[in-house]
**Student:** 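Encoded as structure tokens, here's the structure I'll be asking about.
Model, not experiment: these values are computed from the prediction. Lettering of chains follows the sequences in order, A, B, ..., and the numbering in each one begins at 1.
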Amino acid sequence: MAQVIALVDCNNFYVSCERLFRPDLQGVPMVVLSNNDGCAVARSAEVKDLGVKMGVPRFQIEELIEQHGICTFSSNYTLYGDISARVMNTLESIAPRVFVYSIDEAFMDLSGLQKNYSLLEFGRFTKSKVEKEVGIPVCVGISTTKTLAKLANQGAKKYHSTGGVVDLTEVKRQRKLMAMTEVGDVWGVGRRISQRLESMGVKSALDLADADPKWIRKHFSVVLERTVSELNGVSCIPFDDTPPVKKQIVVSRSFGERITELAAMRKAIAGFITRAAEKLRKEGQVAQHLQVFLRTSPFAKSQPQYANSTSERLVEPTDDTRLLLAASMRLIERIWLSGYQFAKAGVMLSDFYDPKLQQQTLFCAEGDSRSEALMTTLDQINYKTGRVQFARRIDRNPWDMKREMLSPRYTTSWLELPRVK
DNA sequence: TCTGGGGTCCTAGGACCC
DNA sequence: TCTGGGGTCCTAGGACCC
């Protein structure tokens with residue numbers, strides 16, 4: 001029989017993480033905001049019921065927050081990352097192959113399981129195990145392709161009578177659920193494409209499943225053609241339990257306050273590149289391409305607009321913060337213009353190599369081994385204390401992001417352990 | 001006043017080479 | 001008057017995801 005895939009997806013993940021340490025907030029309407037407290041990125045069921053959409057800017061829901069006493073939190077990614085790892089560990093303890101797809105969801109390969117077990121029962125077991133061991137509520141969708149598993153999971157979330165678990169391996173049930181699902185809710189169909197599809201008469205997921213793949217490929221793309229196949233039980237997206245190494249690393253932020261001075265921008269970029277280099281070393285890679293970009297706010301229509309980016313190919317791939325720092329300073333000066341209010345900037349590393357496979361180049365500089373030792377030590381100290389940093393980024397700056405409603409790092413900092421009263 | 005951040009994949013088009 | 005064509009590499013941009 002064909003493969004069987006389950007998708008386990010945490011319910012309102014960031015909200016659930018916050019509630020884990022604040023049981024008094026059960027049933028209280030809550031949102032978690034993005035960086036800079038800009039947009040709603042997670043909503044509790046109560047807030048979804050009020051019609052607050054994902055990604056809505058906070059200032060647009062200020063009144064609702066007031067009226068309904070909605071409790072707001074700044075994103076606490078240290079906490080969410082730690083809880084996420086616990087959820088994934090639990091899944092790995094019950095399924096041989098798990099592919100972590102994002103911070104709050106993972107695919108499990110259940111192929112062959114149905115010979116001896118009920119898939120529905122296994123789904124329920126998974127759900128209760130995660131809830132018991134980690135305390136985070138999840139839904140489970142099971143089917144024969146990733147796209148259908150995703151659909152099953154949406155069904156489990158939407159229809160409470162399912163108890164949060166849907167087995168969608170039967171074609172008849174697949175078609176029934178697809179008939180009730182808007183085409184824009186299919187995984188891989190975004191706003192643009194769903195608009196075009198609807199104007200062409202393809203309104204439900206079932207319409208899309210029954211569309212002619214050749215017609216889809218001609219009018220859309222090979223990507224959407226794959227989605228059509230997946231909806232028909234033909235797997236096109238590999239299970240992928242060994243995630244490939246990253247191909248690029250981006251660190252960028254919107255500023256809490258606009259930047260107008262080159263000195264401040266240099267400092268911000270220095271912070272970004274330092275963080276990017278840390279991520280690069282964690283991947284165990286070296287990068288040869290570095291890009292730096294900045295832009296004013298596209299929303300500030302009355303202000304003069306300017307956005308630019310520039311890049312450099314390094315002589316040799318590296319993961320050394322000092323070399324990347326120097327290069328990023330050259331680049332930012334190349335595109336800097338005075339007289340603008342910059343809202344966002346960032347750096348991007350790409351063109352990665354595995355240093356273990358790298359041949360020594362002819363002109364390999366002496367002292368490189370020292371560089372490696374220095375960087376490793378630095379990363380270790382940083383991990384433990386977050387204190388030792390390159391001089392350029394020590395203090396808090398006025399443009400650092402706003403996080404005015406941040407919960408404590410309950411699980412990762414001794415100083416912020418929850419107290420039992 | 002106030003609108004996230006970090007990724008992936010695909011395609012089109014230009015530069016360059018033979 | 002007639003002014004190649006195909007392959008490859010790179011980049012920018014568009015679409016999607018969470």
**Student:** Is any side-chain heavy atom of Ile273(A) less than 4.5 Å from a side-chain heavy atom of Leu290(A)?
**Tutor:**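 A side-chain contact exists here, since the closest heavy-atom pair is under 4.5 Å.
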**Student:** What's the shortest heavy-atom distance between Gln285(A) and Pro355(A), and which atoms?
**Tutor:** CA-CD, 4.0 Å
**Student:** Under 4.0 Å between a Lys/Arg side-chain N and an Asp/Glu carboxylate O for Glu312(A) and Arg330(A)?
**Tutor:** yes
**Student:** Need one value for Arg403(A): base, sugar-phosphate or nothing, where a base atom within 4.0 Å counts as base even if backbone is also close, heavy atoms only.
**Tutor:** nothing
**Student:** As a test of reading the structure: which of dC2(B), dG4(B), dC17(C) is closest to the side chain of Arg258(A), going by heavy atoms?
**Tutor:** dC2(B)
**Student:** Which of the following nucleotides, dT11(C), dT8(B), dG7(B), is nearest to the side chain of His289(A)?
**Tutor:**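 Minimum distance to the His289(A) side chain belongs to dT11(C).
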**Student:** Do the rings of Tyr77(A) and Tyr80(A) sit parallel, tilted or perpendicular, given the 30° and 60° boundaries?
**Tutor:**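 Geometry flag for Tyr80(A) against Tyr77(A): perpendicular rings.
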**Student:** With nearest nucleotides of DNA chain B determined for Ala300(A) and Phe255(A) from heavy-atom distances, which residue corresponds to the more 5′ nucleotide?
**Tutor:**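 Whichever sits nearer the 5' end wins; that is Ala300(A).
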**Student:** Atom CD of Gln291(A) to atom P of dG13(C): distance rounded to whole Å?
**Tutor:**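 Going from Gln291(A) (CD) to dG13(C) (P), I get 10 Å.
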**Student:** Quick one: is dA15(C) close enough that its OP1 or OP2 comes under 4.0 Å of any side-chain N or O from Arg196(A)?
**Tutor:** no
**Student:** Considering only side-chain heavy atoms of Pro57(A), which listed nucleotide, dC17(C), dT3(B), dG4(B), is closest?
**Tutor:**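 Among dC17(C), dT3(B), dG4(B), the one nearest the side chain of Pro57(A) is dT3(B).
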**Student:** Which of these nucleotides, dC18(C), dT3(B), dG6(B), is closest to any side-chain atom of Cys39(A)?
**Tutor:** dT3(B)
**Student:** For a quick check of understanding: with a heavy-atom distance under 4.0 Å over all strands, which category does Leu33(A) fall into, base, sugar-phosphate or nothing?
**Tutor:** nothing
**Student:** Choose from dG6(B), dG4(B), dC17(C) the nucleotide whose nearest atom is closest to any side-chain atom of Val41(A).
**Tutor:** dG4(B)
**Student:** Using whole Å, what does the distance between atom P of nucleotide dT11(C) and atom CD of Gln288(A) come to?
**Tutor:** 12 Å
**Student:** Looking across every strand, which nucleic acid part, if any, lies under 4.0 Å from Ser252(A) by heavy atom: base, sugar-phosphate, or nothing?
**Tutor:** sugar-phosphate
**Student:** Once you round it to whole Å, what is the distance between C1' of dG7(B) and OH of Tyr77(A)?
**Tutor:**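 The distance from OH of Tyr77(A) to C1' of dG7(B) comes to 13 Å, rounded to the nearest Å.
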**Student:** So, do Phe299(A) and dT3(B) meet the stacking rule of ring centres under 5.5 Å and planes under 30°?
**Tutor:** yes
**Student:** The side chain of Arg192(A) lies closest to which of these nucleotides: dG6(B), dC16(C), dC2(B)?
**Tutor:** dC16(C)
**Student:** Look at the side chain of Asp109(A) and the backbone N and O of Ser111(A), then say whether any donor-acceptor pair between them is shorter than 3.5 Å.
**Tutor:**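 At least one qualifying donor-acceptor pair exists.
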**Student:** Look through every strand shown and name the nucleotide pairing with dC18(B) as Watson-Crick or G-U wobble, where both distances are under 3.5 Å.
**Tutor:**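 Pairing partner, where one exists within any strand: dG5(C).
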**Student:** Nearest whole angstrom, please: distance from the C1' of dC2(B) to the CD1 of Ile61(A).
**Tutor:** 12 Å
**Student:** For the side chain of Gln248(A), starting at C-beta, report the closest nucleotide among dG5(B), dT8(B), dC10(B).
**Tutor:** dT8(B)
**Student:** Which of the following nucleotides, dC16(C), dT8(B), dG5(B), is nearest to the side chain of Lys246(A)?
**Tutor:** dT8(B)
**Student:** If you look at every strand shown and take non-hydrogen atoms under 4.0 Å, does Asp37(A) touch a base, only sugar-phosphate, or nothing?
**Tutor:**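 Nothing: the residue Asp37(A), judged by heavy atoms under 4.0 Å, touches no strand.
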**Student:** What's the closest nucleotide to the Ser254(A) side chain, out of dG6(B), dC10(B), dG4(B)?
**Tutor:**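 Closest of the options to the side chain of Ser254(A): dG4(B).
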**Student:** From OH of Tyr14(A) over to C1' of dG6(B), roughly how many Å is that when rounded to an integer?
**Tutor:** 11 Å
**Student:** Does dG6(B) have OP1 or OP2 sitting under 4.0 Å from an N or O in the side chain of Lys344(A)?
**Tutor:**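 It does not, given that no N or O in the side chain of Lys344(A) lies less than 4.0 Å from OP1 or OP2 of dG6(B).
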**Student:** Identify, between Val223(A) and Lys279(A), the residue whose nearest nucleotide on DNA chain B lies closer to the 5' end.
**Tutor:**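 This one resolves to Lys279(A).
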**Student:** Describe, in one word, how the ring planes of Phe107(A) and Trp187(A) are oriented to each other, choosing from parallel (under 30°), tilted (30 to 60°) and perpendicular (over 60°).
**Tutor:**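 Ring orientation, 0 to 90° scale: tilted.
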**Student:** Could you work out which one of dG4(B), dG7(B), dC9(B) sits closest to the side chain of Lys247(A)?
**Tutor:**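 Closest nucleotide among those given: dC9(B).
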**Student:** Would you mind reading off the distance between Arg43(A) atom CZ and dC18(C) atom C1', rounded to a whole angstrom?
**Tutor:** 12 Å
**Student:** OP1 or OP2 of dG6(B) less than 4.0 angstrom from a side-chain nitrogen or oxygen of Arg275(A), does that happen here?
**Tutor:** no
**Student:** Drop me the distance from Ile249(A)'s CD1 to Met348(A)'s CE, to the nearest 0.5 angstrom.
**Tutor:** 11.5 Å
**Student:** Could you tell me whether Lys402(A) contacts a base, only the sugar-phosphate backbone, or nothing, with contacts defined as non-hydrogen atoms closer than 4.0 Å?
**Tutor:** nothing
**Student:** Between dT3(B) and dC18(C), how far is it from one P atom to the other, in whole Å?
**Tutor:** 24 Å
**Student:** How would you label the contact of Val100(A) with the nucleic acid (heavy atoms, under 4.0 Å): base, sugar-phosphate, or nothing?
**Tutor:**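 Val100(A): no heavy atom of the nucleic acid under 4.0 Å.
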**Student:** Is the shortest side-chain N to carboxylate O distance from Arg313(A) to Asp351(A) below 4.0 Å?
**Tutor:** yes
**Student:** Using a cut-off of 4.0 Å on non-hydrogen atoms, how would the nucleic acid contact of Ile193(A) be classed: base, sugar-phosphate, or nothing?
**Tutor:** sugar-phosphate
**Student:** Please give, in whole Å, the distance from dC18(C) P to Phe99(A) CZ?
**Tutor:** 13 Å
**Student:** Using whole Å, report how far CG of Leu280(A) lies from P of dG6(B).
**Tutor:** 15 Å
**Student:** Within the 4.0 Å heavy-atom criterion, would you say Val222(A) contacts the bases, only the backbone, or no part of the nucleic acid?
**Tutor:**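 Sugar-phosphate, no base atom in range.
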